[in-house]
Amino acid sequence: MSTTTTNPTRPVGDSVKRIDALEKVTGEALFADDLQFGPGLLFGRIVRSPHPHALIKHIDTSRALAMPGVKAVVTGADTPKQIGLYLKDRHIFCRERTRYVGDPVAGVVATSEEIAEAACKLVEVEYEVLEPVLDPLRGMAPDAPLIHPDLGNYEVPNFIFPKAGTNISNHFKIRKGDPDAAWALCDAIVEDEFRVPHVQHVPIEPHVAVAKMDQRGEITLWTSSQSPFAQRNLIAEALGLSQSSVRVIAPFVGGGFGCKAGVTMEALAVVMAQKVPGYAVKLRLTREEEFFTTFVRQGLIARTKIGATADGKIQAMQTEYFWDAGAYTEYGVNITRASGYSSTGPYEIPNVRADSYCVYTNHPVGGAFRGFGMPEIHWGIEQIVDMLAEAIGMDKAEFRLKNCIRTGSIIATGSTMHPVGLVECIKQATAAIHWGTEERASAPHKRRGKGLAIMWKAPAMPPNAGSSASVRFNEDATVTVSVGGQEIGQGAFTVAAQMAAAALGVPYEWVRVEGPIDTQYNPYEWQTVASRLTWSMGNAVMAAAKDARRQVLDLAAEHWGEDVDHLDIKDGMVISYRSEEAMPLKKMVVYGLPKPAGQGWRGGPIIGHGSFMPSYVTGLDPETGQGPRSVVHYTTGCQAVDLEVDTITGQVTILRIAAAFDVGKAINPDQVRAQIEGGAVQGASTALFEGFQLKNGKLANHSFVDYRIATSVDVPFEIIPIIIEVPQDDGPWGARGIGEHSMVPTAPAIANAVADAIGVRVLELPITAEKLYLALEAQADGMPV
Amino acid sequence: MTTHHITFTINGAQEEALVTSHITLLAFLRERLGLTGTKNGCATGECGACTVLLDGEPVNACLVLAAEIDGADVITIEGLAHDGELEPLQQAFIDHTGTQCGFCTPGILISARALLNRNPDPTEDDIKDALRGNLCRCTGYQRIINAVQDAAKAGG
């Protein structure tokens, strides 16, 4: 709060406290499972496929239906139309075929969770088990079993390219320059394969949805959701309803990270509710279900070749991505696209070839996860760049500074880079860990190492994803901001209030943001994903507040008989710089102002509207991936890691992570730092601990005991957050997103520091103590590592 | 179904209830008493989101049967603030941005309360150790640790 008196854009740029903090520390903040529905509430449970790939030959629900307390049983027969955010490739309940262990086959509605669960065991399903596809490379093979034989008939937008008759749901290509010719020029070429396992988002709040259909057939859905509007749209389309007949009410989200975006289990609750008109049906996933029946982060096999000339300039890069997308691809097809056009990482490389394949497998369904493909691809990019720097014999920070994108660089899609502060990020992050200075390990059996990784990420979304907002005054001049963007912990409501306050000229404390998000009342927002709210929703809030402000100033100008250009609103007062008149906003913003001599009134309740949609994102050529503006913008950054490896146990102890990101403008610097810190720890957790153990498509580690995430004792390290601000031309006050970016470079930065410490390159995540121990053993035996 | 008549104190108020043998304290608090501040994150004692104080000790409410609280004193997140006044711990979580999505926050505040009750001047390691059973996926923990230290300095 240090700058409140001098900051000209206040409260934008001030570290005000979170607008939702009081509710959250008192237990008063309501989450979806906290909403009360009374004794008439029914409960749903799901019958799930035990096989990774099977045909459903027959379902008999009669025994389940006969059980006392059971109200309804639904199956795929109740869901004829397909659903999907991009590629409509799934039925809400399976019809002829199941495609992963956990695929919903039937749903039981009963008077209690216990009865519903017991009745699920009475639903008899006869399967014909098919050969599963358990690896994307196998899925690409011409003789692989087809998981979606009807792929060629699915509805799909024009920037996704499924290949009928294969398991490939999207193939994105970059063809820039001539890599084949460029290899001959290179003095060093490095080639390797990098692997990333599936991981799960692990929000502490599991998915929960309550659905109700009234006697008119209108649906209300209360759910923990990042995407109330997308859910309304997709569920309405899949059920043949008008969007106005589906109302989604979404209170605070207890952690999302992407797994509560798009449509997952919510549609199951809606279909079950359709069978019991007038009753609300609650479906709450168990923690076990949370691990493998909602979205997971896709697995990845990345093959990369990169070469540079002796002067340290990268000349060519060639990449193949094989995404283990799982049984369906809500987001996977677009992750494939985003990873393709960002496949060079934040480097200017003249010759690029990239092929990114989204491959169906009989694994859990891949979805969006904080970073949307970027943590996965940077795992390989940032290690191979390190390896190339070694091969050329250059300092790794210097090598990156020589090759990284700068303002005006031509990126992989042929687009021109907007103003960017990546160079400054690299310089400041490395300086913060004393890059280039050898430091001593804390014990003789420990080795100290330093590493860095840089990153870029653009919001990956349809080119026309829109936002809207309204800003209205109350009698006492307090302000209610209404948005469709969701508060998932990232601080979206706080920055919305700051922006409205700054644009209107009222104190932050006067502003409230409406919740829960209700599609019946709140203005449209595409989805709370892609780190796009501060930027896109922020633009809408700013426009709405400016609209309201203009109405107030027009009214005051007429009242005072002055030119509107001489008027301003400061601290809740309308003032004139010319006449030095001043009046409070109070009352006039609702009741208007009296005309002279009892001639009536002018003005009226002030309500401002604003919307924003980028209109400048161009399509990319389907054969070359080239286009003038592939994305709205990129956020860039750098993490530098200082760590120790215990050579007896293989255990990694991180000492420091310095993390610098160019956020354009920090609307709330403290919240930006909180994102940078939280992302570094989530990134470190995926780097050191996390990974699915899938055996024949079945997840073996589906509890917090077997799937470890970082706890309070795992983060003994210092995090040094650094904010760089090179303004974004299309962002409110110059802001761009930061939520996801903060975990993108963490895993490769740690891997690079481990390599620096002990000379071991880990090519497959996670970097477990066991892996390092075995590598050190092999190293001691003189084996290559 | 066997039922039990239980008498207990909840957030300072004496209450009694008839409960079935199998209902957990978590379900009893959330569904019978409407105290939804205590969260259900895993129902298997692994995440700490349902931590409450049972006779001053932090327990996972999902692993305690409601029948077991007969004669006991239970404090939930709703019992921390008094007469509209936040506890120093709660204020410190606001000041340090110790909360993001907020779902783990009630359990963490209760674990921290238990720590400060038994150790008013904890070291950083004491705090980490006291919170190791409370998972948080958003904050990265450091701000939470700083908040608890700050609250301890402010007299808990």
Side-chain angles (χ1 to χ4, degrees), chain A residues 15 17-18 20-31 33-36 201-206 208 252-257 284 286-288 290 487-491 670-671 673-682 684-685 703-705 709-719, chain B residues 22 30-31 34-49 76-81 86-87 89-110 124-125 127-145:
Chain A
S15 291
K17 300 306 169 205
R18 290 184 67 104
D20 53 357
L22 183 72
E23 286 165 272
K24 287 180 173 175
V25 302
T26 55
E28 289 169 330
L30 289 179
F31 297 83
D33 196 33
D34 301 337
L35 306 178
Q36 303 292 311
H201 312 65
V202 193
I204 307 304
E205 175 201 36
V208 59
F252 285 124
V253 174
F257 314 109
R284 182 169 51 186
T286 64
R287 178 55 63 180
E288 181 178 341
E290 186 71 24
E487 177 52 69
I488 64 172
Q490 83 284 46
D670 190 55
Q671 298 300 322
R673 284 189 282 270
Q675 287 303 308
I676 291 175
E677 293 165 21
V681 171
Q682 198 171 24
S685 184
S703 74
F704 287 132
V705 173
I709 66 168
T711 70
S712 56
V713 293
D714 296 314
V715 280
F717 52 86
E718 182 191 3
I719 302 171
Chain B
H22 70 284
R30 290 181 54 81
E31 291 159 26
L35 294 171
T36 56
T38 303
K39 302 303 181 197
N40 180 352
C42 70
T44 51
E46 295 168 3
C47 77
T76 68
I77 183 68
E78 290 89 348
L80 287 194
L86 295 182
E87 278 217 351
L89 253 178
Q90 291 169 306
Q91 188 59 49
F93 270 61
I94 296 175
D95 294 341
H96 289 267
T97 311
T99 180
Q100 285 188 27
C101 86
F103 198 79
C104 71
T105 307
I108 290 188
L109 280 164
I110 292 288
E124 188 165 332
D125 282 345
I127 297 168
K128 285 175 183 166
D129 197 48
L131 299 180
R132 66 193 307 163
N134 292 88
L135 297 179
C136 169
R137 192 61 153 168
C138 298
T139 64
Y141 300 101
Q142 192 58 50
R143 284 164 183 267
I144 291 170
I145 294 160

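In what follows, chains are A, B, ... by sequence order, proteins preceding strands, each numbered from 1.
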Closer than 4.0 angstrom, basic N to acidic O: yes or no for B/Glu46 and A/Arg287? no
Salt bridge check, A/Asp714 against B/Lys128: does any charged N sit closer than 4.0 Å to a carboxylate O?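 Here B/Lys128 does not pair with A/Asp714 in a salt bridge, since their nearest N and O are not under 4.0 Å apart.
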What residue in B/Asp95, B/Thr76, B/Asp125, B/Leu80 has the most heavy-atom pairs under 4.5 Å with chain A?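 The residue among B/Asp95, B/Thr76, B/Asp125, B/Leu80 with the greatest pair count is B/Asp95.
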So which of B/Arg143, B/Arg132, B/Glu124, B/Gln142 has the biggest tally of heavy-atom pairs under 4.5 Å with chain A?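 The answer is B/Arg143.
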Under 4.5 Å from a heavy atom of chain B, the part of [X] involved:
X	answer
A/Glu23	neither
A/Leu30	side chain
A/Ile204	both
A/Ala674	both
A/Val253	backbone
A/Thr26	both
A/Ser703	both

Please round to the nearest 0.5 Å and tell me the distance separating atom CG of A/Asp33 and atom CG of B/Asn40.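 Reported value, rounded in 0.5 Å steps: 6.5 Å.
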Side-chain heavy atoms of [X] within contact of [Y], under 4.5 Å:
X	Y	value
A/Glu290	B/Cys42	no
B/Thr97	A/Arg673	no
A/Gln36	B/Thr36	yes

Say whether, by atom type as modelled, one donor and one acceptor occur between the side chain of B/Gln90 and the main chain of A/Val25 under 3.5 angstrom. yes
Using a 3.5 Å cut-off and no angle test, enumerate the donor-acceptor pairs between side-chain atoms of residues 101-109 of chain B and protein atoms at least two apart in sequence or in another chain.
{"residue": "B/Thr105", "atom": "OG1", "partner": "B/Thr99", "partner atom": "OG1", "Å": "2.9"}
{"residue": "B/Thr105", "atom": "OG1", "partner": "B/Gly102", "partner atom": "O", "Å": "3.4"}

Any side-chain donor near an acceptor of the partner, B/Gln100 and A/Gln675, under 3.5 Å: yes
Do you know the tightest heavy-atom contact between A/Phe704 and B/Cys47?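 Scanning both residues completely, I find the closest heavy atoms to be CE1-CB, 3.7 Å.
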